[in-house]
Amino acid sequence: MASILVYLSAAVLFAQSTVAFNCSRKPIYVDIHKRAVHDSPVFQYGSFIGLGTPAQNQSLWPSLAQNHTSFASHSYCSDNTTLKDCDRSTGGFFSHEASTSFVMQPNFQTQDRASNGSFSGFFGQESVRLYTHYFETEGASQTLLENSTVEVVTKGSIIPSRVGMGSSSTVLRDLAARDMIAGKTYSLYIGQGFDRAGGAVNGSNVFGGYDSGRFVGTPHMFPMKVANTNSMSVRIKDIIITDTNDRSNVSLFDNKAFTDMQAPAVSFEAQITTEQFPLSLPYQITKNFIARLQAEKDNSWGDNSLKLKNDFNGTLSIVLEDGFTVTFPPEVLMNASRITPIQDRAEDDKQPFLLGSAFLGQVYLMADYETNNFFLAEAVQKNNMVMPVSFCPKTIPVAYQRPDQSEWQRQGLIGAVIGGVIGGIGMLAALYCLWVVVMRKKDQRRLQRDLQKNQKTKMEQFDVEDAPSFDPPPSQTSKAFFWKKI
Ligand SMILES: *[C@@H]1O[C@H](CO)[C@@H](O)[C@H](O)[C@H]1NC(C)=O
Ligand SMILES: *[C@@H]1O[C@H](CO)[C@@H](O)[C@H](O)[C@H]1NC(C)=O
Ligand SMILES: *[C@@H]1O[C@H](CO)[C@@H](O)[C@H](O)[C@H]1NC(C)=O
Ligand SMILES: *[C@@H]1O[C@H](CO)[C@@H](O)[C@H](O)[C@H]1NC(C)=O
Ligand SMILES: *[C@@H]1O[C@H](CO)[C@@H](O)[C@H](O)[C@H]1NC(C)=O
Ligand SMILES: *[C@@H]1O[C@H](CO)[C@@H](O)[C@H](O)[C@H]1NC(C)=O
Ligand SMILES: *[C@@H]1O[C@H](CO)[C@@H](O)[C@H](O)[C@H]1NC(C)=O
Ligand SMILES: *[C@@H]1O[C@H](CO)[C@@H](O)[C@H](O)[C@H]1NC(C)=O
Ligand SMILES: *[C@@H]1O[C@H](CO)[C@@H](O)[C@H](O)[C@H]1NC(C)=O
Ligand SMILES: *[C@@H]1O[C@H](CO)[C@@H](O)[C@H](O)[C@H]1NC(C)=O
């Protein structure tokens with residue numbers, strides 16, 4: 001089996017490697033949100049990364065396929081591009097002439113051979129500036145990655161400014177080779193703060209680490225398929241639509257519910273990608289979705305996402321082979337314009353099935369490129385506490401344990417009921433109150449301790465290099481906290 005081969009080759013590589021991982025290295029946290037970018041009139045959503053000397057700040061879209069980190073040249077928009085609203089959609093512009101640190105690499109051989117010709121440019125070594133920006137009211141701190149090879153894109157039809165996180169990622173390789181992070185590990189929450197997702201939640205990249213406050217539960221592990229350009233894929237064994245009003249469930253795999261099917265649908269493999277927003281599912285499953293929710297073709301966003309005829313208040317749950325279930329809430333399954341994150345699919349379409357950024361808006365992705373495994377866990381979307389920790393290769397990420405008061409109360413009550421025979425009702429109530437008070441205090445102290453530790457970790461990261469005093473991103477009047485009370 002392919003997956004066993006992947007494991008085996010990883011194990012062999014490991015046996016030969018003498019690299020010792022320094023898992024005390026702090027991770028590099030780079031947030032994803034909307035901000036001003038170089039030479040563009042509007043705020044753009046992406047990873048806060050600057051390039052060159054002096055810095056030209058950009059918003060880079062994370063790509064799990066592309067290996068090189070890329071930036072748009074000014075000629076990108078004048079060169080007959082089909083990118084809509086090009087001057088405000090590239091993620092910023094980079095002018096290599098204006099940088100004193102750019103060194104052209106005319107003979108560089110690209111690692112991105114599979115990028116289907118829709119994208120071309122030239123390569124050079126340049127100073128990549130990874131910004132960590134926790135406090136909206138304060139400046140960002142910078143991790144400087146000097147002489148890293150980047151692509152300056154001159155021609156193309158897609159958003160050109162990208163963090164290349166494919167399986168041969170240049171940035172990740174350089175950071176690890178220079179011992180700036182624990183190893184080739186990386187985590188992504190893409191967020192929902194971009195126009196297509198229509199939400200407010202911001203995302204983050206963590207190089208050499210993960211944000212333990214961003215997910216809950218035990219992460220589920222999957223092997224990468226490094227031969228694929230989208231190396232991360234999962235098998236889907238069921239997709240269920242639940243109507244919120246009557247709690248009824250319908251499986252899109254069920255041939256009793258969809259009588260044009262001879263037999264129940266079989267599980268299928270889908271690749272995780274950030275190259276598109278919607279999901280592209282097998283033809284029959286898409287057909288069942290259309291039938292069940294009276295969806296119709298639409299192309300408001302140029303991505304053929306289906307649109308519903310009538311309002312539907314319900315969820316869509318994607319069940320992976322190992323049982324991990326990702327549920328799209330009602331406002332994601334259908335937005336106020338009734339547009340869904342499911343793409344239309346032609347019967348004869350031979351392209352791989354895809355889980356686009358709509359899927360990544362619901363999960364936290366953690367990738368270990370040293371062992372070629374990745375992890376998925378349920379993302380905490382709102383009120384998360386930013387808790388970046390080192391992601392040691394070969395280990396399983398662990399979620400931050402939130403002190404949960406209702407849990408304490410429930411346990412406390414059960415404890416009191418079990419012991420309650422002695423005391424009668426009054427005694428029971430008193431014990432219960434005492435228990436709750438003690439536990440609350442303990443929670444608060446623990447929370448305080450964790451937060452102090454958290455803050456200290458971040459402050460330590462600020463020492464990577466003296467941050468140049470630069471303008472914070474165009475800040476709203478609202479005061480944002482880097483953590484929010486749960
Ligand atoms: C490992 O990383 C820590 C933290 O950055 C550093 O203090 C220590 O010197 C490193 N150890 C080695 C062996 O490089
Ligand atoms: C843009 O396309 C037109 C028509 O295809 C062509 O004549 C022109 O040279 C192109 N411009 C550039 C800058 O490539
Ligand atoms: C990135 O590199 C990997 C393996 O080295 C390759 O499979 C993949 O196709 C490359 N990505 C692109 C866009 O070419
Ligand atoms: C080329 O890549 C772009 C962006 O990833 C995608 O939209 C397009 O469909 C691809 N074209 C082909 C022929 O694969
Ligand atoms: C980057 O390149 C410049 C010029 O080639 C050199 O002076 C500098 O030491 C290099 N820095 C690193 C970290 O390799
Ligand atoms: C619904 O989503 C579409 C496409 O993402 C967007 O154009 C539209 O503004 C959204 N509608 C509302 C009311 O949010
Ligand atoms: C997302 O980032 C933007 C820009 O910094 C900020 O204004 C906004 O409050 C953030 N949203 C959330 C939900 O934190
Ligand atoms: C959807 O159903 C839930 C539960 O019945 C209800 O709380 C919610 O307001 C409904 N949403 C809409 C948009 O009707
Ligand atoms: C539908 O599935 C949900 C979640 O598994 C379950 O809670 C609910 O009871 C089911 N509804 C029916 C009618 O079986
Ligand atoms: C980007 O950062 C540089 C310094 O690092 C600063 O001078 C500049 O104002 C910033 N640009 C924007 C658009 O925030």
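Atom set for the values below is all heavy atoms of this structure, side chains included, hydrogens, waters and symmetry mates excluded. For ligands, and for the atoms within them, numbers begin at 1 and follow the listed sequence.
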I'd like to check Ile239 versus Phe289 (side-chain heavy atoms, cut-off strictly below 4.5 Å). Are they in contact? no
Given a heavy-atom cut-off of 4.0 Å, could you list the residues near ligand 9 in chain and number order? Arg247, Asn249
Centre-to-centre under 6.0 Å for His74 and Phe93, is that the case here? yes
Which ligand 1 atoms, with their elements, are less than 4.0 angstrom from a heavy-atom of Arg25? 1 (C), 2 (O), 3 (C), 4 (C), 5 (O), 6 (C), 10 (C), 14 (O)
Numbering as shown, the atoms of ligand 7 that approach Lys34 to under 4.0 Å (heavy-atom distance): 4 (C)
Can you name the one residue among Leu145, Leu175, Val150, Thr149 that meets side-chain contact (heavy atoms from CB on, under 4.5 Å) with Thr170? Thr149
Taking the basic N atoms (NZ, or NE/NH1/NH2) and the acidic carboxylate oxygens, is any pair closer than 4.0 Å for Glu146 and Arg129? no
Side chain, backbone, both or neither: which part of Lys382 comes within less than 4.0 Å of ligand 7 when only heavy atoms are counted? neither
Counting C-beta onward and ignoring hydrogens, is there a side-chain heavy-atom pair between Lys382 and Val201 closer than 4.5 Å? yes
Please confirm whether Ala200 approaches ligand 7 to less than 4.0 Å, judged on its heavy atoms. yes
Note, Phe277 side chain near Gln343 side chain (heavy atom, < 4.5 Å): no
Let me see the working for Lys34 and Asp195 under salt bridge (charged side-chain N to carboxylate O under 4.0 Å, His left out), right down to the final yes or no. CA-CA 10 Å; Lys34 272 193 180 172; Asp195 294 345; 3.0 Å; yes
cation_pi(Arg35, Phe48) dist<6.0 Å, angle<=45: yes
